[in-house]
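Heads up: the structure comes next, in structure tokens.
The chain is numbered in sequence order, starting from 1.
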Amino acid sequence: MPGRPRGLELTLRILGVVDIHWSGKRPPRLPDPSGFDLVLLAGDLTNFLGPDHARRIVEPFQDSGVPVLAVCGNCDQRSVDDYFREIDIDLDRRARVIDGVRFLGLSGGLPFGDLPYERTEEDYERVAAEAFERAAGVEGRPTILVSHQPPHGTACDLARGQHVGSKSLRAAVERHQPDLVFSGHIHEAIGEDTIGSTRLVNPGPWFQGRSVVIEADPDAGTVDFEIRAPD
């Protein structure tokens, strides 16, 4: 995937969006990607819908000229990942480098009532190992993990006072220490936290007008972010 032309400003400015949950009944309301170098979609683009509807989320970003990388959420049909692969924006179990910044991703969510795209803890142990192994094979820094499912035991996975994130994913984060984990899924768990040296952010759902602005500096190997609340 081509990046932007390199200029004097080397910081990669990223718009992170998760939990759009578009029903398909009206035209989707999407954030303006102007001024960004990349859009990260962290899953649940739709409510139980497939590629035809996911396309109507992705194409407006692409038409703006801003590159997109994406994973599915537990409410997206698995065939949406196939669509992402067809148009070369997929991150599930992949590692990609954009302008010197390394990205890897994981789709789906833990089992919760027979939703379209679920993975067990055993699945997460396997696919997280696969993603980090592929990340080790490409040069880039900082490293950003885009996972719809958050790791267990932080402010980003609290639902009604209980931690509901993936323990297998947490173990992988503890082992590999990416610089940032961008997740969603738990709509009420808006905030940030750390696991060792890894920072985590759950900006909350876009259907509430929430997003995150991430700034990644490949020269310094640093990443920072700001959660954006509704206007």
Notebook entry, point to check: Looking only at atom types and distance, does a side-chain atom of Gln208 sit under 3.5 Å from a main-chain N or O of Pro205, one as donor and one as acceptor?
Noted result: no

Notebook entry, point to check: So, Glu130 and Arg134, do they make that salt bridge, N to O below 4.0 Å?
Noted result: yes

Margin query: Treating Tyr124 as the side-chain partner and Gly109 as the backbone partner, does any N or O pair qualify as donor plus acceptor under 3.5 Å?
Written below: yes

Notebook entry, point to check: Can His152 and Asp157 be counted as having a side-chain donor-acceptor contact under 3.5 angstrom?
Noted result: no

Checklist line | Nearest-0.5 Å distance, SG of residue Cys72 to CZ of residue Phe84 | finding: 4.5 Å

Note to self: Can you tell me how far apart CZ (Arg126) and CZ (Arg93) are? Round to the nearest 0.5 Å.
What the structure shows: 7.0 Å

Item checked: Asn202 side chain to Ile186 backbone, donor-acceptor under 3.5 Å -> yes

Item checked: Minimum-distance pair of heavy atoms, taken over all atoms of Val18 and Gly184 -> CG2-CA, 3.8 Å

Notebook entry, point to check: Is the closest side-chain heavy-atom distance between Leu49 and Asp76 below 4.5 Å?
Noted result: no

Note to self: On a heavy-atom basis, which atom in Val66 and which in Pro33 lie closest, and how many Å separate them?
What the structure shows: CG2-O, 3.8 Å

Margin query: If you define the side chain from C-beta out and look only at heavy atoms, does anything of Glu139 sit under 4.5 Å from Val97?
Written below: no

Notebook entry, point to check: Is it the case that Glu121 and Ser168 place a side-chain donor and acceptor less than 3.5 Å from each other?
Noted result: yes

Check: His185 and side chain to side chain contact (heavy atoms under 4.5 Å, CB included): which partner among Ser147, Cys156, Pro150?
Finding: Pro150

Checklist line | Pairing of Arg78 and Asp81 as salt bridge, 4.0 angstrom limit | finding: no

Item checked: Polar side-chain atom of Asp37 near backbone of Leu12 as donor-acceptor pair, under 3.5 Å -> no

Note to self: Taking the side chain as everything from C-beta on, heavy atoms only, tell me whether Val146 gets closer than 4.5 Å to Phe182.
What the structure shows: yes

Check: Is it true that Asp224 and Arg199 make a salt bridge, defined as a side-chain N closer than 4.0 Å to a carboxylate O?
Finding: yes

Margin query: Quick check: closest heavy atoms across Pro31 and Phe61, and the distance to 0.1 Å?
Written below: O-CE2, 3.5 Å

Next item on the list: Check whether any side-chain heavy atom of Val173 lies under 4.5 Å from a side-chain heavy atom of Val181, and answer yes or no.
Entry: yes

Checklist line | Distance under 6.0 Å and angle within 45° of ring axis: Arg29 vs Trp22 | finding: no

Check: Taking all non-hydrogen atoms of both residues, which atom of Gly221 and which atom of Asp179 are closest, and how far apart?
Finding: O-OD1, 4.1 Å

Margin query: Are Ile57 and Leu30 packed together at the side-chain level, in the sense that at least one heavy-atom pair is separated by less than 4.5 angstrom?
Written below: yes

Check: Quick check: are there more than 12 heavy atoms from other residues, nucleotides or ligands sitting under 6.0 Å from CD of Gln62?
Finding: yes

Notebook entry, point to check: Is it the case that more than 12 heavy atoms not belonging to Glu133 sit under 6.0 Å from its CD atom?
Noted result: no

Check: Under 3.5 Å, is there a donor-acceptor pair between the Gln177 and Ser197 side chains?
Finding: yes

Item checked: Flag, side chain of His53 to backbone of Thr46, donor-acceptor distance under 3.5 Å -> no

Item checked: Test log, rule side-chain contact (heavy atoms from CB on, under 4.5 Å), inputs Ile144 and Val223 -> CA-CA 9 Å; Ile144 298 174; Val223 62; 4.1 Å; yes

Check: Does the distance from a Lys or Arg side-chain N to an Asp or Glu carboxylate O, for Asp19 and Arg210, drop under 4.0 Å?
Finding: no

Next item on the list: Compare all side-chain heavy atoms of Leu45 with those of Val17 and state whether any distance is below 4.5 angstrom.
Entry: no

Check: Any chance the side chains of Arg102 and Thr143 put a donor and an acceptor closer than 3.5 Å?
Finding: yes

Checklist line | Residue pair Tyr117, Cys75: steps toward the side-chain contact (heavy atoms from CB on, under 4.5 Å) verdict | finding: CA-CA 6 Å; Tyr117 202 150; Cys75 291; over 6 Å; no

Check: Does the side-chain contact (heavy atoms from CB on, under 4.5 Å) test come out yes or no for Leu110 and Val164, once each step is laid out?
Finding: CA-CA 9 Å; Leu110 288 172; Val164 295; over 6 Å; no

Check: If only atom types and distance count, is the side chain of Thr198 paired as donor or acceptor with the main-chain N or O of Pro178 below 3.5 Å?
Finding: yes

Check: Do the non-hydrogen side-chain atoms of Ile14 and Val213 ever get within less than 4.5 Å of each other?
Finding: no

Item checked: Donor + acceptor pair across side chains of Asp82, Ser79 (<3.5 Å) -> no

Note to self: Check for me whether the distance between the ring centres of His187 and Phe207 falls short of 6.0 Å.
What the structure shows: yes

Check: Phe103 versus Leu38: any side-chain heavy-atom pair under 4.5 Å?
Finding: yes

Next item on the list: Using atom types as modelled and distance alone, determine if a side-chain donor or acceptor of Asp44 lies under 3.5 Å from a backbone N or O of Asn74.
Entry: yes

Check: Taking the six-membered ring of Tyr83, is the NZ or CZ of Arg55 close enough (under 6.0 Å from the centre) and on axis enough (within 45°)?
Finding: yes

Check: So, Arg96 and Asp88, do they make that salt bridge, N to O below 4.0 Å?
Finding: yes

